[in-house]
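Just follow the structure's listing: the first ligand is 1, and inside any ligand the first atom is 1.
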Amino acid sequence: MCGIIGYVGGKQAAPILLDGLRRLEYRGYDSAGVAVLDRAELGVRKKTGKIDEGIARELAADPVQGTMGIAHTRWATHGAPSDENSHPHLDASGRIAVVHNGVIENYEQMRERLLAAGHTFQSSTDTEVLAHLIGEHYEKYQDEPDRAGALTRAVSGALREVIGTYGLAVVSTEAPGVMVGARRGSPLIVGIGHDENFLTSDANAIVAHTREVVFLNDYDVVTMTAERFDVVNLGTDTATVQISKLEFDAEDSQRGEFEHFMLKEIHEQPRTVENALRGRIDQEGATARFGGLNMTPAELRGVQRIIIAASGTSWHAALIGEYLIEGLAHVPVEVEFAHEFCYRMTPVRRDTLVLVISQSGETADTLMALREAQRRGHKALAIVNVVGSTIAREADGGIYMHAGPEIGVASTKAFTATLVALTLLAIHLGRMRMLSAGRALEVLRALEALPAQIESLLGQSDAIRELALKYASADDFFFLGRGYSYPTALEGALKLKEISYIHAEGYSAAEMKHGPIALIEETTPCVFVIPQDSMYDKTMANLEMIRARKGPVIALATEGDDLIGKVADDVIFLPRSQEELYPILASVPAQLFAYHLAVARGCDVDKPRNLAKSVTVL
Ligand code: F6R
């Protein structure tokens, strides 16, 4: 959600910033802008719209020169998307430029004060207020010979007045060659190059230039030139700088031969499922093993209850996790929206383990839930995709998804990788309790069969496209299922609505009869997730109720099911598996169905309206 890239070095900055913006675009695409510094000249260009139609054209028509600069791609929080509200924003003197992710909560108050002091504002953003505030602090250090120090002190001084979250990058014509960055609650990463350095909110933007990075901590302020960077923590006045290595390639975040990132990521799932499994199956012990749970077997055995907190797609994964952990380990699980967990009274017993799930590792609601659990004295584990992300670093232990960079805003491969991680965790906990070796091995073997099975599902993409075309004019869809297939249906509906803008509702197939069945008519297709599992007969009865009301039925059913073809209008067959793994298998055709339907309706699949990857505001 919003992306920042900054460069200071010996090369022309604009092409590096523009390339970075393209790699960051999934983080926000309302508008974008750059500020490039050529000695004491600041060239600022900003434009509403996506990168290629907006800022890239603007820069081609009106280029900027200089070897350092900052850039930003925006997902609007304060102020509608417009050229004026785009970042960078300047201070009152026009000498200081700021790009900012996050939300300044007390900006109205600051704005009033600055207005009274004679400031005028070009935009309605909180960031412009912050820029003016930095400028006001800078006045105090006007005459200091150490220009880098003066800019750093001005930024630090302004941030001490600010309530809210920020990842920010600042440059000034008064301090050519110097960039100042700071973070609180919004990620910021230093990329270390040779005679050049980078600042970004997302490693994807710089991995083509360097793999050596420092993940800044909350309250860190970094002062950076081409040759060096110094970090100080506003809270402690000291800072620990740990250099990490990025483990993925620039190509991993390229589209390759695929028309969209989402399609590429759907097709990566045989490999990402394999990666999520790698090294984690212990055949001999008929269990799963993890390197980073940071809990002893005794501690894990002592867990009497689990709360899983997450948001969006990860919340759907959590619901499936509830079925998995309760089914395989018999440990009671409660699933909470991360934001609800933080703000309502949730009594958490001492013997409860809190688990958060976040693909990005930066979702503000989920980070808050993690911190809230820790504040109450609980161990909190996390299932995370992005290595080095805030949640990954702050959790007491956890499991990486190993899905690689996910650029499509609608999550696909990270979702299925989460389900693999949850299945393994359920087996791990189950084997410490009463789960038999035989039953565990059945599920483990079925997990190992998944990559080939997903490959065969991907082979049905053309047939699924035909099906999507058949239903492309529908205005409403239901996704229905029972047991494990209920949360799977919720996720299927979410995928469809977020990328095709078709109203889609995920519902329990059994609950339909208590109300929503009133909505069923000939024009309301129902996607039934109905594998041959323990709920099959019951779901079939619910399917008949829909048929009796003339609702068209698309079934996601198991190969070899001879009955389903007779009752459903269309069927997509899933390979036979264990009950616990049908959510993974059913999700692949559901993703393809949403994808093809969105393409058929001319939607921008990778950048759906109003959305952005990773929501870092509360
Ligand atoms: C939808 C989607 C979102 C995210 C949600 C939480 O496809 O991806 O619903 O799941 O915003 O994000 P993470 O998992 O990064 O915490």
Checklist line | Residue list, salt bridge (charged side-chain N to carboxylate O under 4.0 Å, His left out) with Glu362, at least two apart or on another chain | finding: none
Note to self: Can you confirm if the NZ or CZ of Arg376 lies within 45° of the ring axis of Phe341 and under 6.0 Å from the centre of its six-membered ring?
What the structure shows: yes
Next item on the list: Sequence neighbours left out, what passes ring-ring contact (aromatic ring centres under 6.0 Å, His included) with Phe593? Give chain and number order.
Entry: Phe477
Note to self: List the protein residues in contact with ligand 1, where contact means a heavy-atom separation under 4.0 angstrom.
What the structure shows: Ser311, Gly312, Thr313, Ser314, Ser358, Gln359, Ser360, Thr363, Val409, Ala410, Ser411, Lys495, Glu498
Next item on the list: Run the salt-bridge test on Asp604 and Lys50 with the 4.0 Å N-O cut-off and return the result as yes or no.
Entry: yes
Next item on the list: Mind checking ring-ring contact (aromatic ring centres under 6.0 Å, His included) for His402 and listing every partner two or more places apart, or none if nothing turns up?
Entry: none
Margin query: Which heavy atom of Thr366 sits nearest to which heavy atom of Val356, and what is that distance?
Written below: CG2-CB, 3.7 Å
